[in-house]
Student: 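Take a look at the following structure, please.
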Amino acid sequence: MGWGNIYKRRVKVFAVALIIYFDYKALQQREKWANKLKIASLWEKAHERNAKRVLNLIVELEGLWVKLGQYLSTRADVLPEAYTHLLKQLQDSLPPRSLKEVCKTIEKELGKTMDDLFLDFDKVPLATASIAQVHRATFSDGQEVVVKVQHDGIKAVILEDLKNAKSIVDWIAWAEPQYNFHPMIDEWCNESPKELDFNHEAENTRKVSRNLHCNKRCDDSKPANHVDVLIPEVIQSTEKVLILEYMDGVRLNDSESLQALGVDKQKLVEEITRAYAHQIYVDGFFNGDPHPGNFLVSKEPPHRPILLDFGLTKLLSSSLKQALAKMFLAAAEGDHVALLAAFAEMGLKFRLDVPEQAMEVTSVFFRSSTPANEALESMKMLSEQRLKNIKVIQEKMKLNEKEVKRFNPVDAFPSDIVIFGRVLNLLRGLSATMNVRIVYIDIMRPFAESVLQCNLNKGPALNPRWIYDTPIHSDVEAKLRQLLVELGNAEKILGIQVCAYKDGEVIIDTAAGVLGKYDPRPVQPDSLFSVFSATKGICAGLVHWLVDNGKLKLEDNIANIWPEFGSNGKDQIKVHHVLNHTSGLHSAMSDINQEDPFLMTDWDECLKRIAMSAPETAPGHEQLYHYLSFGWLCGGIIERASGRRFQELLEEVFVRPLKIDGELYVGIPPGVESRLATLTIDMSDLTKLSNVGNRSDLPTTFQPQQMAQLATTLPTIFNSLYARRAIIPAANGHCSARALARYYAALAEGGKVPPPHHSSMPTLGSHPHIPKFPSQQTVKKQKSRKRTGLDDHGPGQTQSSNSSTQISSGHDDKGNVYIQIPSDNRCSIDDTSSDNRNIKLFHNPKLHDAFMGVGEYENLTYPNGMFGLGFKRSYSTNEELIGFGHSGIGGSTGLCNIEHKFAMAVTLNKMSFGTVTAKIIHLICSELNIPVPQEISRLVETGSTSQLGIGKPLIN
């Protein structure tokens, strides 16, 4: 192809584009003064003449533009009927090449004359497409075949058209940055040339046929996800000639013939959709060109779809296939966390945090198809939603109208999913063309679920990588892994982490299992687990830090720190009453579950409600577990006494000094969703718990029966993005076991930070604590602005304290009163040098007595109570006080033994009410000759099957 022809093709493309553009712009102006009754007619005529211009141009140029026309012809859901009706001709009826050219190519490729090859060869092609045309023929042995012959010189045309298309995309990206089609054109440039090698297409055809178990016989014993389609057998192939068996069928767009055969079009399109769902989710290898011209319908009952043309196919990696399945199911379930995790897994990145808009767009992507006669309404709905999302982005990024038009919210779009998106759009257009409605969520769901569930069924016995590949630190860790395998084979573990320190050194750091019921990715050392009430130990530590640094006293009346709290008879409640669970507010906020569980995610509202609550008993009179109120009580004290936001203080006081950045949160920031484990529940333990009688040490609103009922809702609530991002210090900490164990290792040593932990990868503390979204280079530099603690981080989420400052006034940005106490030098924990040996979190020499409420602190605690000051006391089987810790409902636990300088943590996502955790702790302590905690011995000795064992589960 010479430069003259290349230039002419470009000129023709741009000329027609300009003519169509100005035609529509002129009509927009004419519409202002035209008769309203004639407007619809004017637009219809404009669509007709411009569709003819597009069709004539494509027929003249052929090549790549035919592919574009074929794609547009299927989009009856979004394009005017004039376009889809005329462009439908491109699906199989382009002007054919000469028979002489066809015969010459066949003889050259196969090395034989036409007479030697065929008894009969139809001169008129069955179909002519952009790259080749197909003729019916009969071999010399009588076998009926179809012969696909590549157009002479088409390779040069296609390659040049790709360059031209890329130039157009470059110009669009420059002129309108919000329309960046580079990932699409790049993927097309990579994949389209493969269509020019028919050997490649032959192998693709064989592979898809094997994957779909295609045969011509109806089989009554079909697997659950079997698809009933046909694919012609490959007879012979070369680079430019492909010979397939002949299958007698009717074109998909031949409505009259389909009606004469009595074909159920709804069932037909559903089966085609199922075939593609199988290719995408089950096989990870799919045909990327499902336009109507690539299908036939068999004339013989039961009139099965015949799939043709496998030149353009896409192979997905196992991880991408799982990510696409997760994205689909997340859209079906409205699961924002799973959706954002799926995006991260496939490499789709945004420039800002817009989870609601991401969910809306994804839901639209998988929306049910609409018949062609509803196309106008569909286009209107999509346009309105797009404008709504642009408005959200504009407000969030503080952009003017000009800037928002140039702002592209997508930072990285993986090319691997371009063909996937194209297939879904083509399938939607196909159903619109056939005038049927397809509910993709229902049809494709079983296939998406199967790709995730198939790996979940592979427990330790079948999966040699069930335990994540990390170094074994000790003999006890090797024995622990054997126990985990036993528990995994018994289906008591879904995903788990265990980490332990002895004398300041890591002796165990093991991760095993998978991240969730529908997330077969392996648990890694840096995976984040929801640990429920194990968070209380972190919260209590912050209160003690404030006491240690002179900002607070345990004997202080809370009302003196938090004036609003003094109402309704709470003026005598002191800080130590809250830590010891004797404030009388054990059931405060318990009605929130009946009113609206998601009210828990509103930090400021919960603080207001807890401040207005009334105690049930006098302070210090009775110790009853503050299962939910504890977090807001401590949180309110922490923020009022420090003058800082809760999350800022947590990061400064514990996260950075311990070097556990990115692995300990109370309220996750955007950007960590891909590391989250998903909660589920051990139903056998739940059934036993519901049959247990009441306990005197628990509030009436938190008895075993209520726990069992609550537990069924916990995964739904705490798997949600709103709960995970919220500040709920009693219940929604997210951490790795190695971060939680490191915290307790420091506490066991009186606050001394242990040496760095580098033995497992990725290294502890290597993640950014608050992930940053990429900057948008095409938008002018942002003017310096003061950002509130809620900006861009979801409910209650603050920015990194690296860029935050202490609140100096008496009110925060929401009007909440704070009492600012100036810091002294010793309370600064900003030394984050690599040498941890001189860093101490606390300075109180009697820190352990304070945590356990003994010695001089004993008068601040309830006599013989299970709680000290913020922590649960740990006793040996000989009734000796040996340490402290805190567990969460479901079994996640952190604890330490003071004398033996031992600390450990367990995090898990299959809530088992402590039986699994107890077996793990019992094994480790026994192997190390460390006294086994009394409650652990009780759980292990009585066994998980007894009511006694489950009746006092390892929960707080």
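Just so it is clear, the model here is predicted, and its values are computed rather than measured. One is the number of the first residue; the rest follow in order along the sequence. The figures that follow rest on heavy atoms only: side chains count, while hydrogens, waters and symmetry mates do not.
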Student: Assign the ring pair F532 / F718 to parallel, tilted or perpendicular, where the plane angle (0 to 90°) is split at 30° and 60°.
Tutor: perpendicular
Student: Checking the side chain of Q623 only, and the main-chain atoms of N580 only, is there a donor and an acceptor separated by less than 3.5 Å?
Tutor: yes
Student: Whether the side chain of D548 engages the backbone of H843 through a donor-acceptor N/O pair (distance < 3.5 Å, no angle test) should be reported.
Tutor: yes
Student: Is the backbone N or O of H473 less than 3.5 Å from a side-chain atom of E477, with the two atoms forming a donor-acceptor pair by type?
Tutor: yes
Student: Is the gap between the ring centers of Y625 and F867 under 6.0 Å?
Tutor: yes
Student: Of Y744, W545, F884, which meets ring pair (Phe, Tyr, Trp, His ring centres under 6.0 Å) against F851?
Tutor: F884
Student: Between R521 and S674 (side chain of the first, backbone of the second, donor and acceptor by atom type, cut-off under 3.5 Å), is there such a pair?
Tutor: yes
Student: Give a yes or no on whether the backbone of T877 and the side-chain of R938 come within a donor-acceptor separation of less than 3.5 Å.
Tutor: no
Student: As an exercise, state the distance from CD1 of I920 to CG of L487, rounded to the nearest 0.5 Å.
Tutor: 6.5 Å
Student: If only side-chain N and O atoms count, and only distance matters, is there a donor-acceptor pair under 3.5 Å linking T893 with H886?
Tutor: no
Student: I'd like to know if D661 pairs up with R656 as an ion pair, taking the criterion as any Lys NZ or Arg NE/NH1/NH2 lying under 4.0 Å from an Asp or Glu carboxylate oxygen.
Tutor: no
Student: Verify, without hydrogens or angle tests, whether R873 (side chain) and G865 (backbone) share a donor-acceptor contact under 3.5 angstrom.
Tutor: yes
Student: Between Y875 and Q934, do the side chains contain an N or O donor and an N or O acceptor separated by less than 3.5 Å?
Tutor: no
Student: Apply ring-ring contact (aromatic ring centres under 6.0 Å, His included) to the pair H734 and F529, showing each step before the final yes or no.
Tutor: CA-CA 5 Å; H734 288 78; F529 285 73; 9.8 Å; no
Student: Any donor and acceptor pair, going by atom type alone, linking the side chain of E749 with main-chain N or O of P754 inside 3.5 Å?
Tutor: no
Student: Any chance you could measure H848, atom NE2, to L747, atom CG, to the nearest 0.5 Å?
Tutor: 7.0 Å
Student: Flag the pair Y501 / F902 as yes when their ring centroid distance falls below 6.0 Å, and as no otherwise.
Tutor: no
Student: Determine whether F842 and H544 satisfy the following criterion, ring-ring contact (aromatic ring centres under 6.0 Å, His included), listing intermediate values before the conclusion.
Tutor: CA-CA 9 Å; F842 297 91; H544 281 283; 7.3 Å; no
Student: Assess whether atom CG of D503 is packed by more than 12 heavy atoms of other residues, nucleotides or ligands within 6.0 Å.
Tutor: yes
